[in-house]
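Written below as structure tokens is the structure these notes are about.
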Amino acid sequence: MQAIAPGLADYTDNTLFGDVWARPDLSPRDRSLVTLSALIATGKAAQLPNHLRRGLDNGLKPGEIAAMVTHLAFYTGWPNAVSALDAIEPAFAERKVDMATLRAPAPAPSPVSSSATAEARSVDTTIGPFAPKLAQLTKDVLLDDLWQRGDLTPRDRRLVTIIAYAATGDAAQLPAHLRRGIENGLTRPQIAEALTHLAFYAGWPKAVAAVRAFGETITDETPTGRLEIHRPGTDPRAGPADTFTGSVTVASAFKGSGGAALGGATVAFGRSARSNWHTHPLGQLLVVTSGRGWVQAEGQPVRVMSAGDVVWTPPRASGTGMVQPATAT
């Protein structure tokens with residue numbers, strides 16, 4: 001390196017190993033976990049041997065390295081994981097690792113967390129309707145088996161996953177794993193330092209994109225504005241003529257803060273009043289609090305609704321409702 005790219009050699013000695021690797025914000029063991037995850041995720045198997053030695057020196061156990069490779073097979077593909085084994089085998093042989101210990105049963109699984117249950121429900125709604133076999137494999141193999149294996153802690157699994165997504169540029173998948181990483185024991189300074197470390201092994205653009213996702217996630221978790229209480233009948237106004245027909249009063253209007261799409265109001269309809277045909281880009285939820293009325297989505301039959309009913313109109317469906325004294329929130 002000194003002979004061909006002396007500038008690179010200087011940055012390697014002074015910035016990467018002389019500064020970043022020496023920073024106390026992330027343990028040497030975690031830095032090795034980040035580095036090995038990034039190299040495997042991006043298919044850089046040729047760079048693994050030296051970092052495998054460093055990782056073992058920094059406290060990574062051979063079983064943890066094997067578990068990391070298995071985990072990354074699901075998140076970055078089997079070819080990357082299998083290619084990594086070609087570099088890991090001689091490194092383990094050099095350190096005289098007893099390969100028989102790697103075939104021992106994994107430690108007891110971790111208890112299923114609430115986040116895992118939430119992930120399974122998300123799979124049912126986002127993947128299940130379109131690729132049922134993938135949804136089944138995701139729940140049975142990925143969530144109920146891989147993520148519960150005890151050969152890598154939930155914290156380390158989450159760190160490996162965050163680095164895999166960041167290193168491959170899949171920032172869209174990061175927010176959920178960043179939130180759950182904090183639930184699993186990662187601190188925000190540790191995540192920030194891990195992404196800083198990643199810049200040297202996956203490149204600045206990938207690290208910066210991941211840090212932006214991290215910043216947006218932190219913002220989402222920070223309360224924005226003050227708690228609000230909207231009392232019944234607050235600021236009553238006549239319903240606008242371009243939206244309603246007949247006598248309609250709109251009160252207690254509210255809108256979510258901090259980027260939330262939630263908003264609504266209490267709407268009271270006089271006899272024979274109704275809403276004009278309209279659509280809601282994100283759908284509409286009606287809670288009928290009193291009276292009786294009718295509701296219809298275009299092309300579908302008219303439906304009766306009474307006090308206590310909850311009506312959901314899907315996004316972009318054109319609908320109208322309320323033709324008898326009724327109140328809805």
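- One hydrophobic cluster holds both Val82 and Tyr75 under the rule that ILVMFWY side chains link at heavy-atom gaps under 4.5 Å.
- Tyr165 and Trp78 fall within a single hydrophobic cluster, where Ile, Leu, Val, Met, Phe, Trp and Tyr side chains are chained together by heavy-atom contacts under 4.5 Å.
- Taking 4.5 Å as the limit, some side-chain heavy atom of Trp277 sits within range of a side-chain heavy atom of Gln296.
- The two residues His230 and Thr234 make their nearest non-hydrogen contact at C-OG1, 4.3 Å.
- The structure places CG of Leu178 at 5.5 Å from CD1 of Ile191, a figure rounded to the nearest 0.5 Å.
- Within the 3.5 Å criterion, the main-chain N or O of Ser122 finds a donor-acceptor partner in the side chain of Thr125.
- For the pair Ile162 and Leu186, the minimum side-chain heavy-atom distance is below 4.5 Å.
- For the pair Ser306 (side chain) and Arg292 (backbone), a donor-acceptor distance under 3.5 Å is absent.
- Between Ala81 and Ala73, the closest heavy-atom pair is CB-CB, 3.6 Å.
- Following chains of ILVMFWY side-chain contacts shorter than 4.5 Å, one cannot reach Met1 starting from Val20, and the two form parts of different hydrophobic clusters.
- Note that the CD atom of Gln2 and the OG1 atom of Thr12 stand 9.0 Å from one another [nearest 0.5 Å].
- Hydrophobic clustering (ILVMFWY, side-chain heavy atoms < 4.5 Å, transitive): Leu85 and Leu72 are in one cluster.
- Using a 4.0 Å cut-off between a side-chain N of Lys or Arg and a carboxylate O of Asp or Glu, Lys61 and Asp151 do not qualify as a salt bridge.
- Around the CD atom of Glu89, the shell of radius 6.0 Å holds no more than 12 heavy atoms that belong to other residues, nucleotides or ligands.
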Show your working on side-chain contact (heavy atoms from CB on, under 4.5 Å) between Asp86 and Leu48 and close with a plain yes or no.
-> CA-CA 10 Å; Asp86 292 335; Leu48 283 173; over 6 Å; no
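- Atom CG of Asn184 is separated from atom CZ of Arg155 by 10.0 Å, given to the nearest 0.5 angstrom.
- Here the closest heavy-atom approach between residue Gly55 and residue Ser32 is recorded as CA-OG, 3.4 Å.
- Atoms CZ and OG1, on Arg23 and Thr196 in that order, are 7.0 Å from each other to the nearest 0.5 Å.
- Inter-residue side-chain proximity for Glu183 and Arg158 is flagged as unmet; no heavy-atom pair is nearer than 4.5 Å.
- Rounding to the nearest 0.5 Å places CZ of Arg157 at 12.5 Å from CG of Leu159.
- Across every non-hydrogen atom of Ala251 and Pro236, the tightest pair is CB-CA, 3.9 Å.
- Contact of the Arg54 side chain with the Arg31 side chain is not registered, since no non-hydrogen atoms from C-beta on lie closer than 4.5 Å.
- Looking at Leu142 and Glu119, their side chains never come closer than 4.5 Å, going by heavy atoms from C-beta outward.
- Considering only heavy atoms from C-beta on, His51 comes within 4.5 Å of Tyr201 through its side chain.
- Between Gln47 and Thr35, the closest side-chain pair of non-hydrogen atoms is not below 4.5 Å.
- Applying the 6.0 Å contact sphere to CZ of Arg212 captures no more than 12 heavy atoms from other residues, nucleotides or ligands.
- Side-chain rings of Phe200 and Tyr11 stay apart, their centers remaining 6.0 Å or farther from each other.
- Of all heavy-atom pairs spanning Val250 and Ala265, the tightest one is CG1-CB, 3.7 Å.
- Under a hydrophobic clustering in which Ile, Leu, Val, Met, Phe, Trp and Tyr are joined whenever their side-chain heavy atoms come within less than 4.5 Å, directly or via other members, Leu137 and Phe130 fall into different clusters.
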Under the side-chain contact (heavy atoms from CB on, under 4.5 Å) rule, what do Leu33 and Glu64 come out as? Steps first, then yes or no, please.
-> CA-CA 9 Å; Leu33 194 64; Glu64 291 174 328; over 6 Å; no
Intermediate values then yes/no, side-chain contact (heavy atoms from CB on, under 4.5 Å), Arg29 and Asp156 = CA-CA 11 Å; Arg29 176 190 176 277; Asp156 288 349; 2.7 Å; yes
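- For the pair Ile88 and Leu52, the minimum side-chain heavy-atom distance is below 4.5 Å.
- Arg95 CZ: more than 12 foreign heavy atoms inside a 6.0 Å radius.
- Taking the six-membered ring where the residue is Trp, Trp21 and Phe17 present parallel rings, their angle staying beneath 30° rather than reaching 60°.
- Side chain of Gln190 to main chain of Asp25: no donor-acceptor pair is present (N/O by atom type, distance under 3.5 Å, no hydrogens or angles).
- Under a 3.5 Å cut-off, the side chain of Ser252 and the backbone N or O of Arg231 do form a donor-acceptor pair.
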Can Arg303 and Met305 be said to form a side-chain contact (heavy atoms from CB on, under 4.5 Å), step by step?
-> CA-CA 7 Å; Arg303 308 284 294 278; Met305 53 185 179; over 6 Å; no
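- Interatomic distance, CG of Leu60 versus CE of Met68, reported as 7.0 Å (0.5 Å rounding).
- Counting all heavy atoms, side chain and backbone alike, Leu26 lies closest to Ala194 at CD2-CA, 3.9 Å.
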